[in-house]
Amino acid sequence: MTDLLARFGHIAIEGPIGVGKSSLARRLGAHLGAELLLEKAEENPFLERFYRDPRAHAFQTQLFFLFQRVKQMQELAQPGMFSSGIVSDFTFDKDALFARMNLDDEEYRLYAQIHAQMAQGLPRPGLVVWLQAEPQTLAERIRRRGIPMEQDVEPAYLSRLCDAYVDHFRGQEGTPVLTVVTDRFNPAGRDDDFARLLSHLETFEGPRGVLDPSAP
């Protein structure tokens, strides 16, 4: 096990749609020799319908993701299953973030009751790497990767999602969070940027930090 995984055990990559979570998780996991735990969005039978009509299909979409992520977290908690350390492209907490955004008040109250019961005792990551990008950057990346059901995501939704992540991490305590600004920084695709991220991770002492290569 590498020093990073020995320190943190589970490193979770987080951020809004299109920011590059899965690509970075794959690269970091391979570099560290970690087990890879990825979202399985393609298994959600309601997701494509949600993108076409969010209001009509948000509740079913959210419940499917909740049950799916609970199952993944329960597997993660099994002793010995991930002894080499874990890199994931999601956190369990993101589920409530999306629910608060996409459900109406009555739906959210019901969702929150289910979530509270299912979340008890689930493990938390040792470190979250929060990838940030401006909504226009996300829109361009979504366009380039060309997943058909994502192409109609509206800029206003991406803006709300970015704001929701800011609120989420502003209120989160207990888990160290490194914020990485990725508008002009591509650690998943450029070797120099990846090396810079690794160097920052190795010296990160928490609980909060920022890597913004574009800052003066």
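For the residue pair Leu97 and Ala164, the shortest heavy atom distance occurs at CD1-O, 3.8 Å. The two residues Ala34 and Val87 make their nearest non-hydrogen contact at CB-CG2, 3.9 Å. Residues Pro16 and Leu131 share a closest heavy-atom pair of CD-O, 3.5 Å. In this structure, Leu122 and Gln74 approach most closely via the heavy-atom pair CD2-CG, 3.9 Å. Counting all heavy atoms, side chain and backbone alike, Phe64 lies closest to Pro45 at CE1-CD, 3.5 Å.
Within the 4.5 Å cutoff, the side chain of Phe50 has no heavy atoms near those of the Met149 side chain. Looking at heavy atoms from C-beta onward, Pro135 lies in side-chain contact with Ser159 at the 4.5 angstrom threshold. Residues Asp192 and Arg190 form no side-chain contact, since every pair of their non-hydrogen atoms from C-beta on lies 4.5 Å or further apart. Looking at heavy atoms from C-beta onward, Met73 lies out of side-chain contact with Val70 at the 4.5 angstrom threshold. The shortest side-chain heavy-atom distance between Ser22 and Arg26 falls under the 4.5 Å cut-off. Counting heavy atoms from C-beta outward, Asp212 and Phe185 have side chains that stay 4.5 Å or more apart. Contact of the Leu66 side chain with the His115 side chain is registered, since non-hydrogen atoms from C-beta on lie closer than 4.5 Å. Between Phe194 and Leu28, the closest side-chain pair of non-hydrogen atoms falls below 4.5 Å.
No donor-acceptor pair closer than 3.5 Å links the side chain of Glu39 to the backbone N or O of Ser88. Side chain of Glu107 to backbone of Asn102: no donor-acceptor contact under 3.5 angstrom is found. A donor-acceptor pair under 3.5 Å links the side-chain atoms of Gln68 to the main chain of Lys40, judged by distance alone. Between the side chain of Arg141 and the backbone N or O of Val19 there is at least one donor-acceptor pair closer than 3.5 Å. Put simply, the side chain of Asp183 gets close to the backbone of Glu134: a donor and an acceptor are under 3.5 Å apart. Gln62 contributes a side-chain N or O that, together with a main-chain N or O of Asp95, makes up a donor-acceptor pair within less than 3.5 Å. Not one N or O on the side chain of Arg124 forms a donor-acceptor pair closer than 3.5 Å with the backbone of Thr91. Checking side-chain atoms of Glu150 against main-chain N and O of Gly146 turns up no donor-acceptor pair under 3.5 Å. Under the 3.5 Å distance criterion, the side-chain polar atoms of Lys21 are left unmatched by any main-chain donor or acceptor of Ile13.
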Let's go through Asp191 and Arg27 carefully: what are the C-alpha distance in whole Å and the side-chain angles of both, what is the deciding distance for salt bridge (charged side-chain N to carboxylate O under 4.0 Å, His left out) to 0.1 Å, and is it a yes or a no? CA-CA 10 Å; Asp191 292 346; Arg27 181 163 191 177; 2.6 Å; yes
I'd like to know whether Met118 forms a side chain to side chain contact (heavy atoms under 4.5 Å, CB included) with Phe67, so could you lay out the CA-CA distance, the side-chain angles of the two residues, the decisive distance to 0.1 Å, and finally the verdict. CA-CA 8 Å; Met118 304 190 77; Phe67 295 138; 3.3 Å; yes
Between Asp163 and Arg160, does the salt bridge (charged side-chain N to carboxylate O under 4.0 Å, His left out) criterion hold? Intermediate values first, please. CA-CA 5 Å; Asp163 291 343; Arg160 288 174 53 225; over 6 Å; no
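Annotation: the span from Ile147 atom CD1 to Ile17 atom CD1 amounts to 7.5 Å, rounded to 0.5 Å. Between the CD1 atom in Ile11 and the CG atom in Asp89 there is a gap of 13.5 Å [rounded to 0.5 Å]. Asp193 CG to Leu211 CG: the interatomic distance, rounded to the nearest 0.5 Å, is 9.0 Å. How far OH of Tyr157 is from CG of Asp152: 13.5 Å, rounded to the nearest 0.5 Å. One distance of note links OH of Tyr111 with CZ of Phe98; it measures 11.0 Å at 0.5 Å rounding. The line from CG of Asn44 to OG1 of Thr61 is 5.5 Å long, rounded to the nearest 0.5 Å.
A tilted orientation is assigned to the rings of Phe8 and Phe204, their planes being inclined by 30° to 60°. The aromatic rings of Tyr165 and His168 sit perpendicular, their planes meeting at an angle over 60°, well past the 30° parallel limit.
Around CD of Glu154, the count of heavy atoms belonging to other residues, nucleotides or ligands within 6.0 Å does not exceed 12. Counting heavy atoms of neighbouring residues, nucleotides and ligands inside a 6.0 Å radius, atom CZ of Arg208 exceeds 12 of them. Other residues, nucleotides and ligands contribute over 12 non-hydrogen atoms within 6.0 Å of the CD atom of Glu42.
Of the residues Leu138, Thr179, Val180, the one that meets the side chain to side chain contact (heavy atoms under 4.5 Å, CB included) test with Gln132 is Thr179.
Under the 4.5 Å side-chain heavy-atom criterion for Ile, Leu, Val, Met, Phe, Trp and Tyr, Phe46 and Leu103 are members of distinct hydrophobic clusters. Under a hydrophobic clustering in which Ile, Leu, Val, Met, Phe, Trp and Tyr are joined whenever their side-chain heavy atoms come within less than 4.5 Å, directly or via other members, Leu197 and Val181 fall into different clusters. Placement of Val210 and Leu127 in two distinct hydrophobic clusters is found when ILVMFWY residues are connected by side-chain heavy-atom separations under 4.5 Å, directly or transitively.
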